[in-house]
Amino acid sequence: MKMIKITLPDGSVREYSKGISVYDITKDISEGLARVALGAVVNGKTMGMQEEVNEDSTFKVVKFEDKEGKEIFWHTSAHIMALAVQNLFPGVKFAIGPAIDNGFYYDFDTEHRFVPEDLEKIEAEMKKIAKENYTVERFVMSRDEALDYFKKKDEIYKVDLIENLPEDEEISFYKLGEFTDLCAGPHLYETKKVKAVKLLSIAGAYWRGDENNKMLQRIYGTTYEKKKDLEEYLNRLEEAKKRDHRKLGRELDLFTIQEEGPGFPFFHPKGMIIRNILESFWREEHAKRGYDEIKTPIILNESLWHQSGHWDHYKENMYFTKIDEEDYAIKPMNCPGSILVYKSKMYSYRDLPVRWGELGLVHRHELSGALHGLMRVRSFTQDDAHLYILPSQIKKELIDIIDLADYMYSIFGFKYHIELSTRPEDFMGTEEQWEVATNGLKEALEEKGIKYIINEGDGAFYGPKIDFQLEDAIGRTWQCGTIQLDFQMPERFDISYVDKDNEKKRPVMIHRTIFGSMERFMGILIEHYAGKFPVWLAPVQVSILPISDKFNDYAYELKDKLKGKGIRVELDGRAEKIGYKIREAQLQRIPYMLIVGEKEVADNLVSVRKRDHGDLGQMNVEDFISTIVEEIENKVK
RNA sequence: GCCCACGUAGCUCAGAAGGUGGAGCACUUGCAUGGUAAGCAAGAGGUCACCGGUUCAAAUCCGGUCGUGGGCUCCA
């Protein structure tokens, strides 16, 4: 019998006979461990308890708490759901059913239209299956056997999947009761570990994510080992919903989106305060770093968009109009406008880099189903900038932009991750140019020691890009900042500078944003702060609340004094009780409430109540003013 | 754009097996002048998203359009 060596996390080595199961190894390490283990990471590969180990390996047990454990758990849950659906709705065809971030889904193809009541039925069936404790069996077939098996069952999606698998690999299957699925695994050994089940929603999804394919029905769900953990997760979802920027936007009177303008947001006075502060912050930081600001027209002649390549690559997303008999387009991007400014004169190599910022209003026709509050709109202002630089300046300029973005995000306390998008199918220019540009971005990131994910084929049509992804309240990430390196537009528009040798040469262009769009960034900010904006951003910084309207005179004096210091202050002089006024100010997330009554009037004081700290007691008016002014100036978080 | 669900007062929602619409909050007025998260009372406010069909009668049933939500696709 052949023996293999298994190295445990503590460094100790054990010997077993070849073909031993993950379960038996785990059991041998510790009986107790086998009860909580869901699988193991063996030589870096996650395996289920039923799988066999055949070579010398490092071996680490995984539990539900581990990322790999959740993946196993939810993947099996997807199969349990599939079996439940098969039991309840015979004739359903199965597509794919993976584990995702917080649960799993499975895509089904059936004439039956799933309705919410079905979810309850399926849920009940899943619980039954889990309780009856099926074991999940793994076996392999040859490619031909596998194809034959699914063709007989008319499982067209599985056949499609197998046909796209590499020719020489063995094909693994997992069998759960009467449900046998093509699957790489790994899976739970037995279903009884699944103690809490919740199906969350029904959605449409195209087969293989391609809109030309048939739309399947997807059911999303999640499961847990303990009922308590499921409840906790559902509570978290509820809490997150409370900070949805669309709800807070209305409650705090920041913005609305009306039926008359789907995807075209209306900014209310309080929303504009935040927006204007963000713009001032943006202008200050850019001015410090050698940027100048320009503004270019929203409507420009269609010929410009032919020249830029937008007509060929972006027409579907553009709006058009006519002026007299001429065709015009509403700009979907700011770059061509910026380039026209550049072209209006001659440049020496000494003038470069030229850095021009533009808070540019663009319009893009997004699909109606894609619109989402402020996060996805059809009209938005990009905090754009275009840099015209010498090829030798690429790395330094890229690094400076990365630093600027990092600094600006840090002011808000944002976490983000970076993605690098490479050449799309529909690209302009040559493959060599793309390679140089992509490597430029990679080098800048690597020099900064920043980790990034690569999105193959997701670049803009004119160049590769780095994206900064920020998270919203429920963990969805949104692209905000972007840096794009472009060799195409300079050529298309034949822009140049005069080099030392008196030759005209082509500058390199960088397109970049930090906020991304003012709209999206505000949406993210609202959710990030749950409406509790720090004092420097808060639309109303101080609310003065007289105990009764007898003290309104003092309150008005106080208001003028604060206003004189540039503080955004409101006065609630209504004949209401103090508790009522506090409640309203609190619901409006106003950072400071100043309560004034008989005692304060007598000694020129204010009683300070802070949004998240409650009553701070009495304070001298001047002291309060200097405290808050300092907080504003330092952009205290 | 596609799949599913939804659209009743400014907001949150109830109601309607077809017979001329309801609550709470918000708003207006009156009373109460109250010390750290909702004082009392009265009033005003809706062509039940829009268009069409069925019917003696439609907010309710049917069809379409628009919009919203969750996904897919796409993206700042």
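Below, chains carry the letters A, B, ... as their sequence lines are ordered, and counting in each starts from 1.
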Worksheet item: Base, sugar-phosphate, or nothing: which does A:T513 touch, judged by heavy atoms less than 4.0 Å apart?
Response: nothing
Worksheet item: Centre of A:F267's six-membered ring, under 6.0 Å away, within 45 degrees of the axis: is that where NZ or CZ of A:R275 sits?
Response: yes
Item to complete: Report the base-pairing partner of B:rC61 (Watson-Crick or G-U wobble, both distances below 3.5 angstrom), or none.
Response: B:rG53
Practice prompt. Just call it for A:E598: base, sugar-phosphate, or nothing, with non-hydrogen atoms closer than 4.0 Å on any strand.
Written response: base
Item to complete: Determine whether any donor atom in the side chain of A:R520 lies under 3.5 Å from an acceptor atom in the base of B:rC75, or the reverse, and answer yes or no.
Response: yes
Worksheet item: Do NZ/NE/NH1/NH2 and the carboxylate oxygens of A:E238 and A:K242 come within less than 4.0 Å?
Response: no
Discussion item. Under 4.0 Å, counting only non-hydrogen atoms across every strand here, what does A:K581 touch: a base, just sugar-phosphate, or nothing?
Written reply: nothing
Item to complete: Please work out whether the ring planes of A:H386 and A:H511 are parallel, tilted or perpendicular, with thresholds of 30° and 60°.
Response: perpendicular
Worksheet item: Do the charged groups of A:E358 and A:K331 touch, with an N to O distance under 4.0 Å?
Response: yes
Discussion item. Does B:rC3 have its OP1 or OP2 closer than 4.0 Å to a side-chain nitrogen or oxygen of A:R218?
Written reply: no
Worksheet item: Taking the side chain of A:Y206 as heavy atoms from C-beta outward, which of B:rC3, B:rG1, B:rU33 is closest to it?
Response: B:rG1
Worksheet item: With sugar-phosphate meaning primed atoms plus P, OP1 and OP2, does A:F521 contact a base, only sugar-phosphate, or nothing at under 4.0 Å between heavy atoms?
Response: nothing
Worksheet entry | Closest to the A:R250 side chain, choosing from B:rC75, B:rU33, B:rC11 | B:rC11
Discussion item. Generate the contact string for nucleotides 36-42 of chain B. Rules: B means base contact, S means sugar-phosphate contact only, - means no protein heavy atom under 4.0 Å.
Written reply: BBBB---
Worksheet item: For B:rG21, which nucleotide in any strand shown is its Watson-Crick or wobble partner with both distances under 3.5 Å?
Response: none
Item to complete: Compare all side-chain heavy atoms of A:E231 with those of A:K198 and state whether any distance is below 4.5 angstrom.
Response: no
Discussion item. I want to check one thing: is the phosphate of B:rG1, taken as OP1 and OP2, less than 4.0 Å away from some side-chain N or O of A:S368?
Written reply: yes
Worksheet entry | Proximal nucleotide (of B:rG71, B:rG70, B:rC3) relative to the A:R113 side chain | B:rC3
Worksheet item: Mind checking who B:rC2 pairs with, Watson-Crick or G-U wobble, both distances under 3.5 Å?
Response: B:rG71
Worksheet, complete the sentence: Closest of B:rG1, B:rG70, B:rC27 to the A:A203 side chain is B:rG70
Worksheet item: B:rC74 base to A:R376 side chain: any donor-acceptor pair below 3.5 Å?
Response: yes
Worksheet entry | Nearest-angstrom distance, C1' atom, B:rU20 to B:rG46 | 13 Å
Worksheet item: Base, sugar-phosphate alone, or nothing: which one does A:V362 contact when heavy atoms must sit under 4.0 Å apart?
Response: nothing
Worksheet item: Can a donor-acceptor pair be found between the side chains of A:Y462 and A:S308 at a distance below 3.5 Å?
Response: no
Worksheet item: Are any of the side-chain nitrogens in A:D210 or A:R208 under 4.0 Å away from the carboxylate oxygens of its partner?
Response: no
Item to complete: Between B:rA5, B:rG35, B:rG1, spot the one nearest the side chain of A:V115, thanks.
Response: B:rA5
Worksheet item: Side-chain N or O of A:Q479 less than 4.0 angstrom from OP1 or OP2 on B:rA76?
Response: yes
Worksheet item: Considering every strand shown, what is the Watson-Crick or G-U wobble mate of B:rC40 when both distances are under 3.5 Å?
Response: B:rG30
Item to complete: Give A:E251 one of three labels, base, sugar-phosphate or nothing, depending on what nucleic acid heavy atoms sit under 4.0 Å from its own.
Response: nothing
Worksheet item: Would you say A:R574 reaches B:rA26's phosphate, i.e. side-chain N/O to OP1/OP2 under 4.0 Å?
Response: no
Worksheet item: Across all strands, who's sitting opposite B:rC48 as a Watson-Crick or G-U wobble pair, both distances under 3.5 Å?
Response: none
Practice prompt. Determine, for A:F427 and A:R423, whether the Lys NZ or Arg CZ falls below 6.0 Å from the six-membered ring centre while staying within 45 degrees of the axis.
Written response: yes
Discussion item. Heavy atoms only, 4.0 Å cut-off, all strands: where does A:G516 land among base, sugar-phosphate and nothing?
Written reply: sugar-phosphate
Worksheet item: Do A:Q479 and A:Y416 get their side chains close enough for a donor-acceptor pair, meaning under 3.5 Å?
Response: no
Response to the item:
Taking B:rU73, B:rU33, B:rG71 as options, the one with an atom nearest any side-chain atom of A:M215 is B:rG71
Fill in: Phosphate-side-chain proximity, A:H372 and B:rG70, N/O vs OP1/OP2 below 4.0 Å
yes
